[in-house]
Amino acid sequence: MTHHPDASRDHAVVIGGSLAGLFAARVLSDHYAHVTLLERDPVHDRPESRKGQPQTRHLHALLAQGLHSITHLFPGIDQALTGGGAVLADMGEAMHWYHFGGYRTRFTSGLVGMMMSRPFLEWHVRRRVRALPNVTLRAEHAARALATDASRAAVLGVEVADRRNGNTLRTLRADLVVDATGRGSATPRWLAALGYPPPPESEVTVRVGYATRFYRRRPEALPENEMMLIFSTPPAGKHLTALLPVEGGRWIVTNGGWCGDYPPGDEAGFLDFIRRMPRPDVYEILRQAEPLSEIVTHRFPSNLRRHYEKLNRFPARYLVLGDALASFNPIYGQGMTSAVLQAQALGAVLAAPQRGAQPLWRAFFRRAAQVVEIPWQLAVGEDFRYPETEGPKPPFTDLLNRYVARVHRATHHDPVVYAQFLRTMNLKTPPRSLLHPRIAWRVFRPRARTDERAAS
C-alpha cells in the first residue's frame, strides 16, 4: 500500500457503505493516510441486505470487466468468492439466452463473469476493505450536512449523526469527502443550501418492476455453471425471466417487466408468469424445484444521470460517485461494474501529476462521465424500444435500434457478431463497435435477413 506524501491528503471520508463506497474507500486508501467510511445502517460481519438496500435482494451478476477490475483492487478475491460458492462462467458458453425470437448461439468467448448474490459479494468486499489498516468503518453514522470554509468554496468535512447514541451530532474534518450514498443522494440539496447550482439531470422513465425468489438448485436439470434468460420481443413483449446459479447450491430467479407491466409477487402468479414466457424452459426447471425464500418485489422508476461534469462551479474537496452520479435500469446488470470503474477513475485522477489549476472535482467528473457514457447509451437505447418510455431520446435512436434488432437476431447463429455484442455488453467496447463494417456485413448478409423474416 502506498500513501501519498502530500500533507493535504491526510483524511478522506466516504459517505455510504455499499459497494460504490467500499470501492471508493479501497482506492482512497492508496492516496490518503486515513479513510473513514460512514454507513447509516447497522453492519454485521455476514452477508446481509440492509434496510437502505432494497435492490440487493434481487438478481445481480458481475460482468467480465467488473470482475477484472474488482480482482485488480482486491487480489485473490475471486478465489475467495468461488471458494464460498460463487460461480465463474464463460458468458458465451454458460448463457442459454432467448431473445428476439431465438436462442443465441453458444461458443467460448473468453469473457468470464461471476454469479453470486449481491450480499455475498458485498460481504467479501467489505471484509477486504475493513482489513486495510488505514480504513475505519463507522456503522450507524448518518451524514447530515457538509461543513465548509467561510466562503463556502471548499468542503472541510461533514456533519455526522451517531444513530447509536441519540443522533448526537459532531463534525468530522476531512481533506476530501466523497458522496457514494446512491440514487437518493442529498448532494443536489446540499449544493443548493451552499449557493451552488444543482447538476443538470437526464431522466428516462421506464417503470421497471421485478420479483425474485431463491430455489434449491437441481444439477440434473441444468449444469451448475449455466444460466437461462428468456426475453419477450419488444415493443409488444415487455417481460423477462432470468435464472442464475449462486452460492449455497441455489438458483436466484427474477421476473421483470417494463413500462408498468410488473410481474406478480404471489405464489401462483410468480410461476404462471414464467410459464407464459415465449419459451417454457425455465418453467419446466422450476415446477419441480424447491423454493427456499419468499418472493420479494422491487420497482425502479427511471434511468437517472446527474451531469456534474457540466457544472462550472462546485466546492473543492468534494466528489460524487456511483449511483449518486448515474443510476441505470438494473435489468442490464451494469451498476456494479460502473461503480468499480468510477472508483478506478478516481484513483487515476489522484495518481496523475497536478497540471495547471484544474481542480480535482473537474478532472474526476470529466473522467467519470466517460465511464458512465457507455452503460448509459446501452440502457437508454434498449429502453427506448418501448414507445411508453419517457425522456430525452438521443438522435437516431429508433434507426439504431432497428439495426441492433438485426444484431440480436444475427447472434442466434453468428458467433463473431455475438462475440462483439458480448464485449459491448460487458463494457469492454463502446456501442459504436457494433457498427464496424466487419460486423455490419455479417449482420446484413443473406442468412441474417432470412432469420429476420422467419422471426417475423
Side-chain angles (χ1 to χ4, degrees), residues 19 22-23 26 47 56-98 103-129 212 214-230 242-254 281-282 285 289 292 330-341 343-344 375 411 415 418-429:
L19 277 178
L22 292 166
F23 295 147
R26 164 62 188 87
T56 60
R57 303 173 72 185
H58 299 272
L59 185 148
H60 284 73
L62 202 51
L63 301 178
Q65 183 61 54
L67 177 60
H68 173 79
S69 296
I70 289 176
T71 304
H72 177 76
L73 290 179
F74 305 99
I77 194 172
D78 52 337
Q79 298 169 18
L81 288 164
T82 54
V87 179
L88 279 174
D90 182 289
M91 303 188 79
E93 293 176 338
M95 288 196 291
H96 300 262
W97 190 351
Y98 184 92
Y103 272 107
R104 305 188 196 275
T105 188
R106 294 170 64 197
F107 72 107
T108 302
S109 69
L111 295 168
V112 177
M114 183 175 285
M115 296 168 283
M116 72 267 117
S117 70
R118 164 67 182 271
F120 183 72
L121 172 63
E122 188 166 312
W123 176 55
H124 273 270
V125 172
R126 185 170 62 245
R127 295 186 80 184
R128 293 293 184 106
V129 170
T212 297
F214 287 93
Y215 288 83
R216 190 177 307 282
R217 205 185 304 163
R218 297 172 52 226
E220 74 278 8
L222 192 69
E224 65 177 12
N225 70 330
E226 294 184 5
M227 68 191 94
M228 298 199 75
L229 299 93
I230 311 292
L243 178 152
L244 273 69
V246 297
E247 76 282 355
R250 300 174 296 166
W251 284 317
I252 184 170
V253 179
T254 291
D281 304 26
V282 174
I285 290 173
L292 296 177
I331 279 175
Y332 306 119
Q334 302 166 321
M336 297 190 299
T337 298
S338 174
V340 70
L341 292 176
Q344 288 185 307
T411 66
Y418 190 20
Q420 189 58 53
F421 176 83
L422 285 175
R423 284 191 287 270
T424 301
M425 188 189 84
N426 280 271
L427 307 186
K428 286 185 171 290
T429 58

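Arg57 CZ: 12 or fewer foreign heavy atoms inside a 6.0 Å radius. Counting heavy-atom neighbours within 6.0 Å of His96 NE2, excluding the residue itself, gives a total above 12.
Across Thr71 and Ile77, no two heavy atoms sit closer than the pair CA-CG2, 4.2 Å. Met91 approaches Gly113 most closely through the heavy-atom pair CG-N, 3.9 Å. Heavy-atom minimum distance, Glu122 versus Leu22: CG-CD1, 3.9 Å. Taking every heavy atom of both residues into account, Pro245 and Glu226 meet most closely at CD-O, 3.4 Å. Residue Gly92 comes nearest to Ser109 through the heavy atom pair N-OG, 3.3 Å, listed as atom of the first residue, atom of the second, then distance. Ala343 approaches Phe23 most closely through the heavy-atom pair CB-CB, 3.6 Å.
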- Run the numbers on Leu341 and Gln65 for side chain to side chain contact (heavy atoms under 4.5 Å, CB included), then give the verdict. CA-CA 9 Å; Leu341 292 176; Gln65 183 61 54; 4.1 Å; yes

- Task: I would like to know whether Leu222 and Arg217 meet side chain to side chain contact (heavy atoms under 4.5 Å, CB included); could you show each step before the answer?
- Result: CA-CA 8 Å; Leu222 192 69; Arg217 205 185 304 163; over 6 Å; no

- Message: Assess the residue pair Leu63 and Met114 against the criterion (side chain to side chain contact (heavy atoms under 4.5 Å, CB included)); give the C-alpha distance rounded to whole Å, side-chain angles, the decisive distance to 0.1 Å, and a yes or no.
- Response: CA-CA 7 Å; Leu63 301 178; Met114 183 175 285; over 6 Å; no

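Side chains of Trp251 and Arg218 form a contact here, defined as non-hydrogen atoms less than 4.5 Å apart. Using a 4.5 Å heavy-atom cutoff, the side chains of Met95 and Tyr103 are not in contact. When side chains are defined from C-beta on, Val340 does not count as touching Met336, because their heavy atoms never get closer than 4.5 Å. Between Arg26 and Arg128, every side-chain heavy-atom pair lies at or beyond the 4.5 Å cut-off. Side-chain contact between Val253 and Thr212 is absent, with no heavy atoms from C-beta onward closer than 4.5 Å. Proximity of Tyr215 to Leu243: side-chain heavy atoms (C-beta onward) are nowhere separated by under 4.5 Å. Side-chain contact between Leu62 and Met116 is present, with at least one heavy-atom pair separated by less than 4.5 Å. Using a 4.5 Å cut-off on side-chain heavy atoms (C-beta onward), Leu244 and Leu59 make contact.
Between Leu88 and the choices Leu67, Leu81, Asp78, the side-chain contact (heavy atoms from CB on, under 4.5 Å) rule is met once, by Leu67.
Expressed to the nearest 0.5 Å, how far OG1 of Thr105 lies from CZ of Phe107 amounts to 7.5 Å. Put simply, NE2 on His58 and CD1 on Ile331 are 11.5 Å apart, with the number rounded to the nearest 0.5 Å. From His68, atom NE2 reaches atom CG of Leu427 across 13.0 Å, with rounding to the nearest 0.5 Å. With rounding to the nearest 0.5 angstrom, the CZ atom of Phe421 is 6.5 Å from the OG1 atom of Thr411. Annotation: the span from Arg216 atom CZ to Leu292 atom CG amounts to 5.0 Å, rounded to 0.5 Å. Atom CG of Leu121 and atom OG1 of Thr56 lie 11.5 Å apart (nearest 0.5 Å).
Formation of a donor-acceptor pair under 3.5 Å by the Ser69 side chain with backbone atoms of Gly66 is not found in this model.
Side-chain contact annotation: Thr108 with Asp90, donor-acceptor N/O pair under 3.5 Å absent. With 3.5 Å as the limit, one finds a donor-acceptor pair spanning the side chains of Ser117 and Glu247.
Relative to the ring axis of Phe214, Arg250 places its NZ or CZ within 45° and under 6.0 Å from the centre.
The aromatic rings of His124 and Phe120 sit perpendicular to each other, their planes meeting at more than 60°, with 30° as the lower class boundary.
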